[in-house]
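Start at 1 and go down the list; that is how both ligands and their atoms are numbered. Residue numbers start at 1 and run along the sequence shown.
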Amino acid sequence: MLFRRDREQDPRVLKDPHRLPPGQVLTQKWPVLSYGSPPQYDMTRWRLRLYGEVDAPATLTWNEVRTLPSTTVTADMHCVTTWSRLDNSWEGVAFKDLVALVNPRSTAQYVIAHCDADYTTSLPVEMLADDDVLIAYRHDGTELTPDHGGPLRLVVPKRYAWKSAKWLEALEWVVHDRLGFWERNGYNNSADPWKEERYW
Ligand SMILES: Nc1nc2c(c(=O)[nH]1)N[C@H]1C(S)=C(S)[C@@H](COP(=O)(O)O)O[C@H]1N2
Ligand SMILES: [Mo]
């Protein structure tokens, strides 16, 4: 069985069998998984909007995003369709730094990520407070390609990858959660790979 051999052969999983969540298979390649095709942006007009239940809403140009202090996170990626890719190096802006910038109100409980073509996903603010959450513009040392969410995507390593929204255009802090694109279409809203929270 290829599946078992894969698990057993990779030294990272050999060392730590729990590294791979239940039901996942390792891939060395990086599959593209998108609903629809990548947008073509004019980067002089591109903006990242940070708004909602925050004291200091902001609209950032591409230059401003790239001028914010950058951070690099090495993290695994788990797609609900069962592939996992280990040790992705993501470079971008730590989510914590965005929080410091806009100062969310205590009433804000969730963040809605708004993307091209009305793709959205949402996460509780506590989950986004993790050190490994960022908005990323580079992957494994090169600029994020359009297929993989370039120019900018959200990265939330501890959740199934549909929460890592590609072509990010806005982050909205809200009081009440609103189900995202996949979450309305059968995916679990919590999306914890270790608990196999795949569908509802
Ligand atoms: N905007 C947007 N973001 C998205 C998706 C999408 O269809 N649209 N697909 C999600 C899913 S299901 C996965 S597995 C990952 C895949 O990222 P990749 O194509 O870079 O591997 O992106 C997620 N982010
Ligand atoms: Mo996915």
Note to self: Can you confirm whether or not the ring centre of Trp194 sits under 6.0 Å from the ring centre of His78?
What the structure shows: yes
Next item on the list: Using ring pair (Phe, Tyr, Trp, His ring centres under 6.0 Å) as the criterion, point out the one residue from Trp182, Tyr160, Tyr35 that pairs with Tyr187.
Entry: Trp182
Checklist line | Worked check of side chain to side chain donor-acceptor pair (under 3.5 Å) between Asp177 and Ser122 | finding: CA-CA 7 Å; Asp177 197 9; Ser122 67; 2.6 Å; yes
Notebook entry, point to check: Can you check side chain to side chain donor-acceptor pair (under 3.5 Å) on Thr107 and Glu53, steps first, answer last?
Noted result: CA-CA 7 Å; Thr107 47; Glu53 292 284 308; 2.7 Å; yes
Nitrogen or oxygen contacts under 3.5 Å, ligand 1 side and protein side:
{"from": "ligand 1", "atom 1": "1 (N)", "to": "Lys166", "atom 2": "O", "distance (Å)": "3.0"}
{"from": "ligand 1", "atom 1": "3 (N)", "to": "Lys166", "atom 2": "N", "distance (Å)": "2.9"}
{"from": "ligand 1", "atom 1": "7 (O)", "to": "Tyr35", "atom 2": "N", "distance (Å)": "2.6"}
{"from": "ligand 1", "atom 1": "9 (N)", "to": "Leu33", "atom 2": "O", "distance (Å)": "3.1"}
{"from": "ligand 1", "atom 1": "17 (O)", "to": "Arg153", "atom 2": "NH2", "distance (Å)": "3.1"}
{"from": "ligand 1", "atom 1": "19 (O)", "to": "Leu33", "atom 2": "N", "distance (Å)": "2.8"}
{"from": "ligand 1", "atom 1": "19 (O)", "to": "Lys166", "atom 2": "NZ", "distance (Å)": "2.5"}
{"from": "ligand 1", "atom 1": "20 (O)", "to": "His148", "atom 2": "ND1", "distance (Å)": "2.7"}
{"from": "ligand 1", "atom 1": "20 (O)", "to": "Arg153", "atom 2": "NH1", "distance (Å)": "2.8"}
{"from": "ligand 1", "atom 1": "21 (O)", "to": "Trp30", "atom 2": "NE1", "distance (Å)": "3.2"}
{"from": "ligand 1", "atom 1": "21 (O)", "to": "Pro31", "atom 2": "O", "distance (Å)": "2.7"}
{"from": "ligand 1", "atom 1": "22 (O)", "to": "Arg153", "atom 2": "NH2", "distance (Å)": "3.2"}
{"from": "ligand 1", "atom 1": "24 (N)", "to": "Ser164", "atom 2": "O", "distance (Å)": "3.1"}

Checklist line | Arg66 and Glu143 ion-paired at < 4.0 Å | finding: yes
Next item on the list: Answer yes if the ring centres of Trp30 and His139 are under 6.0 angstrom apart, and no otherwise.
Entry: yes
